[in-house]
Amino acid sequence: MRIILLGPPGAGKGTQARILMDERGLVQLSTGDMLRAAVASGSDVGKKADTVMKAGGLVSDDIVIGVVEERLGQPDITNGVIFDGFPRTTAQAEALDKLLAEKGEDLDAVISIEVDDNAMVDRVAGRYTCAKCGEGYHDAEKKPAVDGVCDKCGSTEFKRRKDDNAETVRARLEEYHRETAPLIAYYGGKGKLRQVAGMGSINDVTSEIRQVLDAVG
Ligand code: AMP
């Protein structure tokens, strides 16, 4: 199964992808995570991506498509994949169509998580993750049951993304509307688009996505 989660920063793509990965044995392909790993490693790709990411811009299509192409060639992908944060431009969507067609594969569904943009700055600016297992938390919406201890793995170390501050989130939202929102019509035209309401609880959104997956799977 090959699924794309589409939505602005803060829509819950990463949170939902992690749940589905555990539930359905799919691989989460997050270009944001891959680019952050490249930045941390100090590779050429990382050096090129770093400044753009800090400013909330989009890393060039060539770089991102190259990273995705390499990842899709790895053996663990055969069970299926959830694209999280990719594609973000029409050129990336066209490149993905081509990469999948070359393997005789196709997308099963593109799930657009519909949210209220005005709420996204607070959502993103308040979020943080466990430094060890990656479980997501939020200052107001989802604190650990025991203060300072990860519910999932017991670690006491947490981290926040550098680009999760109000100013950068606004820039990322602008990029979303300019470059990524047109993909809703792109996939609508191909009959792939499914819309789910994204302002409910994490569980509510997961239930809606499950219904979509059960219908297409
Ligand atoms: P994310 O973790 O998906 O919010 O991505 C964090 C940042 O990485 C974005 O603000 C972009 O700078 C960069 N990035 C991630 N995915 C892409 C992509 N598909 N195309 C271009 N830039 C990306």
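Everything numeric here is computed off the predicted structure, so don't read it as measured data. Indexing begins at 1, ligand by ligand and atom by atom, following the structure's order.
For the residue pair T90/Q92, the side-chain donor-acceptor check at 3.5 Å is not satisfied. In summary, the side chains of T89 and D61 do present a donor paired with an acceptor at a separation below 3.5 Å, with no hydrogens or angles considered. For the residue pair S207 / D204, no side-chain donor-acceptor distance below 3.5 Å is found, with atom types taken as modelled. Remark: the T206 side chain and the Q16 side chain contain an N/O donor-acceptor pair separated by less than 3.5 Å.
Residue contacts with ligand 1: Q92 is placed with a nitrogen or oxygen under 3.5 Å of a nitrogen or oxygen of the ligand (distance criterion only). Residue S30 places no N or O, backbone or side chain, under 3.5 Å from any N or O of ligand 1. For ligand 1, one of its N or O atoms has an N or O atom of R36 under 3.5 Å away. Close N/O approach between L35 and ligand 1 is not found [any backbone or side-chain N/O within under 3.5 Å].
By the 6.0 Å contact criterion, CD on E94 is enclosed, its count of non-hydrogen atoms from other residues, nucleotides or ligands being greater than 12.
Looking at K13, K54, R88, it is R88 that brings a heavy atom closest to atom 17 (C) of ligand 1.
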Handout entry: Derivation of the side-chain hydrogen bond (donor to acceptor under 3.5 Å, both in side chains) call for E175 and T180
Key = CA-CA 7 Å; E175 285 289 26; T180 312; over 6 Å; no
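Here the CG-NZ distance, from L183 to K192, works out to 15.0 Å after rounding to the nearest 0.5 Å.
Atom 8 (O) of ligand 1 has as its closest protein heavy atom M53 CE, 3.3 Å. Summary of contacts: the protein heavy atom closest to atom 4 (O) of ligand 1 is R161 NH2, 2.9 Å.
A salt bridge links R127 with D164: the closest approach of a Lys/Arg side-chain nitrogen to an acidic carboxylate oxygen falls below 4.0 angstrom.
The G57 neighbourhood of ligand 1 comprises atoms 10 (O), 11 (C), 12 (O), with distances under 4.0 Å to a heavy atom of that residue. Heavy-atom contacts of G85 reach the following atoms of ligand 1: 16 (N), 17 (C), 18 (C), 19 (N) (cutoff under 4.0 Å). Atoms of ligand 1 lying under 4.0 Å from at least one heavy atom of D163, given by number and element, are 6 (C).
Of all the heavy atoms of V59, the ones lying under 4.0 Å from any atom of ligand 1 are found in both the backbone and the side chain. Of the heavy atoms in D61, none comes closer than 4.0 Å to ligand 1.
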